[in-house]
Asks: 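For reference, the structure I am asking about is given below.
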2 protein chains.
Amino acid sequence: MRIEAPRTADSHDPKLQKILAAAKEVFLEHGYAAASMDLVARRAKASKTTVYTRFPSKEALFAATIVTECERHGMLFRAEDFDHLPLDEALLRIGGRFLDLVWSPEALRTHRIVMGEAARFPEVARVFYDTGFVQTGEAVARFFVRAKERGLIAVDDPAFTARQFLVTLKGFPDCGISLGLCEPPPAAERDAYLRKVIGEFLRGVAAPPA
Amino acid sequence: MRIEAPRTADSHDPKLQKILAAAKEVFLEHGYAAASMDLVARRAKASKTTVYTRFPSKEALFAATIVTECERHGMLFRAEDFDHLPLDEALLRIGGRFLDLVWSPEALRTHRIVMGEAARFPEVARVFYDTGFVQTGEAVARFFVRAKERGLIAVDDPAFTARQFLVTLKGFPDCGISLGLCEPPPAAERDAYLRKVIGEFLRGVAAPPA
DNA sequence: GTCTATATACAGATAGAC
DNA sequence: GTCTATCTGTATATAGAC
């Protein structure tokens, strides 16, 4: 299944925008299979025919919807934004922004649906991966490369370490949160968690040699 | 949706076993919505009526199938199994077993489906979480508690650190692998990756104070 | 271009024969 | 208990009116 652009390229088509907005609601609420084109049309206050004028199939509408959603949350920050802060403070800010995004209700629902449909929509999974994990990883990698140049960290492969850092931030809590079993923590609790994680990340857990 | 036991409690019912085996194949291959009871019946070489004698609905069959699958992969190891090894070697062995499990084709497919259906089947998500992440986390936590008692690691909360360690093992590669975009690495490459991750985990990444 | 109404297909669940 | 055949609902996609 190719990712197809809507038939009309006009991004100022107001019907198209309403359809995409409705589709986002419906797909994020019900998932791919349980969503119906009928409901999308009703929510967009249009008829199904109108929807099918813009998108040739349910699959195409789904792909366009998720891709649009992924691109909406583009890059989080530039590497230079945090250069003036002490290392642990910079990592805390980066981590806070990152978790705000990945633990937002929309991102969580999108992740669940993309995972569930990854076999059927590999191109959608690819876009989610590229715009989410990879792009963010690159931004953080640039920060880590600069941190290494400034002598703040001592690692062989700062890009690798940066990507691992992102995953470490999500940590164990993400296992329950991504499955919808636990609520994302409020900001204060989340920052306490982040400090703990970042502390171990920076200093390691091994006992100092006796 | 409650998780219902099959109507017949007899675990030696051969038809029941064939139905569960067929259901596992069909659900893991197609996901919940795209799977059909017809196909399950055909694969089990039984009629749909027979399937409905054992399970009252498609939902019940799905829940029973995933739960059975989760419970099949129970605990990975006992904490004591690795006590005799040097710390980094023990962590390498633990990590290898863990990644063998979570990056197996069956576990990856199960994870995708459970994520996708988490909103509709929270009890299934709960079982997946408990038998997967939590149970494994507890086993590793016992190892870390012992490691702390033996003075090998210096952390406040060894159970917390253990759970974070598990997530760190999956690391960035898991982002692409869980979406089906990258293949799990072969054993040698995986071990090289693990050594890198475990090294940073133990020693931290911060530059030593000048 | 947009709508109502419909063709077509498929899947979950069951009735009734044996 | 098991099977064949079927009922019923629903969803994608489209034909035809305006």
Side-chain angles (χ1 to χ4, degrees), chain A residues 1-2 4-23 25-66 113 116-117 120-121 124, chain B residues 1-2 4-23 25-66 113 116-117 120-121 124:
Chain A
M1 149 86 226
R2 292 276 175 71
E4 301 175 45
R7 279 176 176 164
T8 155
D10 181 5
S11 75
H12 294 90
D13 177 356
K15 279 259 168 69
L16 176 63
Q17 302 308 317
K18 292 195 75 170
I19 290 169
L20 277 173
E25 274 186 35
V26 173
F27 282 126
L28 289 194
E29 192 173 330
H30 296 93
Y32 175 72
S36 82
M37 297 295 268
D38 246 313
L39 184 55
V40 171
R42 266 204 304 281
R43 289 269 178 95
K45 291 197 208 304
S47 74
K48 277 202 288 185
T49 321
T50 306
V51 176
Y52 276 99
T53 323
R54 304 302 194 288
F55 299 92
S57 67
K58 184 184 178 182
E59 293 186 351
L61 176 58
F62 175 72
T65 302
I66 302 292
I113 292 169
E117 301 298 331
R120 228 205 294 215
F121 295 92
V124 173
Chain B
M1 149 86 226
R2 294 274 176 71
E4 300 174 45
R7 278 178 175 161
T8 154
D10 181 5
S11 75
H12 294 92
D13 177 356
K15 278 260 168 72
L16 177 62
Q17 302 308 318
K18 291 196 75 169
I19 290 169
L20 278 173
E25 275 185 33
V26 173
F27 282 125
L28 289 194
E29 191 173 331
H30 296 92
Y32 175 71
S36 81
M37 296 296 269
D38 247 313
L39 185 55
V40 171
R42 264 204 305 281
R43 290 267 179 96
K45 291 194 208 303
S47 73
K48 276 204 287 187
T49 323
T50 305
V51 175
Y52 277 98
T53 326
R54 304 301 196 287
F55 299 93
S57 67
K58 185 184 178 182
E59 294 187 350
L61 176 58
F62 175 72
T65 301
I66 302 293
I113 293 170
E117 301 299 330
R120 227 206 293 218
F121 295 93
V124 173

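Lettering of chains follows the sequences in order, A, B, ..., and the numbering in each one begins at 1.
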Asks: Could you walk me through whether A:Val51 and A:Met37 pass the side chain to side chain contact (heavy atoms under 4.5 Å, CB included) check?
Replies: CA-CA 8 Å; A:Val51 176; A:Met37 297 295 268; 3.9 Å; yes
Asks: Drop me the distance from A:Ile66's CD1 to A:Tyr32's OH, to the nearest 0.5 angstrom.
Replies: 11.5 Å
Asks: Rounded to whole Å, please give me the gap between NZ in A:Lys45 and C1' in C:dT4.
Replies: 18 Å
Asks: Cationic tip of A:Lys58 within the cone over A:Phe27's six-membered ring, i.e. under 6.0 Å and within 45° of the normal?
Replies: no
Asks: Is the phosphate of C:dC3, meaning OP1 or OP2, less than 4.0 Å from a side-chain N or O of A:Arg42?
Replies: no
Asks: Within this structure, what is the CD-NE2 distance for the pair B:Glu25 and B:His30, rounded to the nearest 0.5 Å?
Replies: 10.5 Å
Asks: Under a plain distance cut-off of 3.5 Å, with no hydrogens placed, do B:Ser47 and B:Thr50 share a side-chain donor-acceptor pair?
Replies: yes
Asks: What's the separation between atom CZ in B:Arg54 and atom NZ in B:Lys18, rounded to the nearest 0.5 Å?
Replies: 12.0 Å
Asks: Go through the structure and list residues passing side chain to side chain donor-acceptor pair (under 3.5 Å) with A:Glu29, not counting sequence neighbours.
Replies: none
Asks: Could you spell out the base pairing of DNA chain C as a dot-bracket line? Use Watson-Crick and G-U wobble contacts where both distances are under 3.5 Å, [ ] for crossing pairs, | for partners on a different strand.
Replies: ||||||||||||||||||
Asks: Would you mind building the protein contact string for nucleotides 10-18 of chain D? One character per nucleotide, 5' to 3', B for base within reach (heavy atoms under 4.0 Å), S for sugar-phosphate only, - for untouched.
Replies: --BBBB---
Asks: Would you classify A:Thr50 as touching base, sugar-phosphate or nothing, given that sugar-phosphate means primed atoms plus P, OP1 and OP2, and contacts are heavy atoms under 4.0 Å?
Replies: sugar-phosphate
Asks: Once rounded to the nearest 0.5 Å, what's the spacing between atom CZ of B:Phe55 and atom CD1 of B:Ile19?
Replies: 6.5 Å
